[in-house]
Student: 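Provided herewith is a single structure, encoded as structure tokens, for subsequent inquiry.
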Amino acid sequence: GNIDRACGVFSKMPKRDVFSWAAMIAGYVQNAHSEDALKLFCQMQLENVNPDRFTFVFALKACTGLAALEQGKHIHAHIIKS
């Protein structure tokens, strides 16, 4: 589907900024792929890209979709620090 195509485009991007990361994470969340959204959120941070407020919102939505309270708390703590 479209999320697979988006993932393909995203993976081939030579340089990804916060907007491309946020768009991909949002796409996963909106298509009920919350686990993939959180994995991508973690990968984003490992690649030293700082999440913006929109990225945080979608990461928290992914936590809600998975009932992942501990991950949600971790993300909330990260929001407070930034």
Student: What's the spacing between Leu40 CG and Ile25 CD1 if we round to 0.5 Å?
Tutor: 4.5 Å
Student: Taking atom CZ of Phe41 and atom CG of Leu60, what is their separation to the nearest 0.5 Å?
Tutor: 7.5 Å
Student: Once side-chain hydrogen bond (donor to acceptor under 3.5 Å, both in side chains) is applied, what residue pairs with a partner in residues 7-18 remain, sequence neighbours excluded?
Tutor: Asp17-Ser20
Student: Below 4.5 Å, heavy atoms only, C-beta onward: do Val9 and Met24 meet side chain to side chain?
Tutor: no
Student: Minimum heavy-atom separation for Ser34 and Leu66, please, with both atom names.
Tutor: CB-CG, 3.6 Å
Student: Check whether Asn31 reaches the backbone of His33 with its side chain - one donor and one acceptor, N or O, closer than 3.5 Å.
Tutor: no
Student: Identify the two heavy atoms, one from Ala37 and one from Val29, that lie closest to each other, and give their separation to 0.1 Å.
Tutor: CB-CG2, 3.6 Å
Student: Of all residues at least two apart in sequence or in a different chain, which pass the ring pair (Phe, Tyr, Trp, His ring centres under 6.0 Å) check with Phe10?
Tutor: Trp21
Student: Calculate, to the nearest 0.5 Å, the distance between atoms CZ and OG1 belonging to Phe19 and Thr55 respectively.
Tutor: 8.5 Å
Student: Transitively linked via ILVMFWY side-chain contacts under 4.5 Å: Val18 with Val57?
Tutor: no
Student: Which pairs, with at least one residue in residues 35-50 and sequence neighbours excluded, count as a side-chain hydrogen bond (donor to acceptor under 3.5 Å, both in side chains)?
Tutor: Gln43-Glu47
Student: Does CZ in Phe54 sit with more than 12 non-hydrogen atoms of other residues, nucleotides or ligands closer than 6.0 Å?
Tutor: no
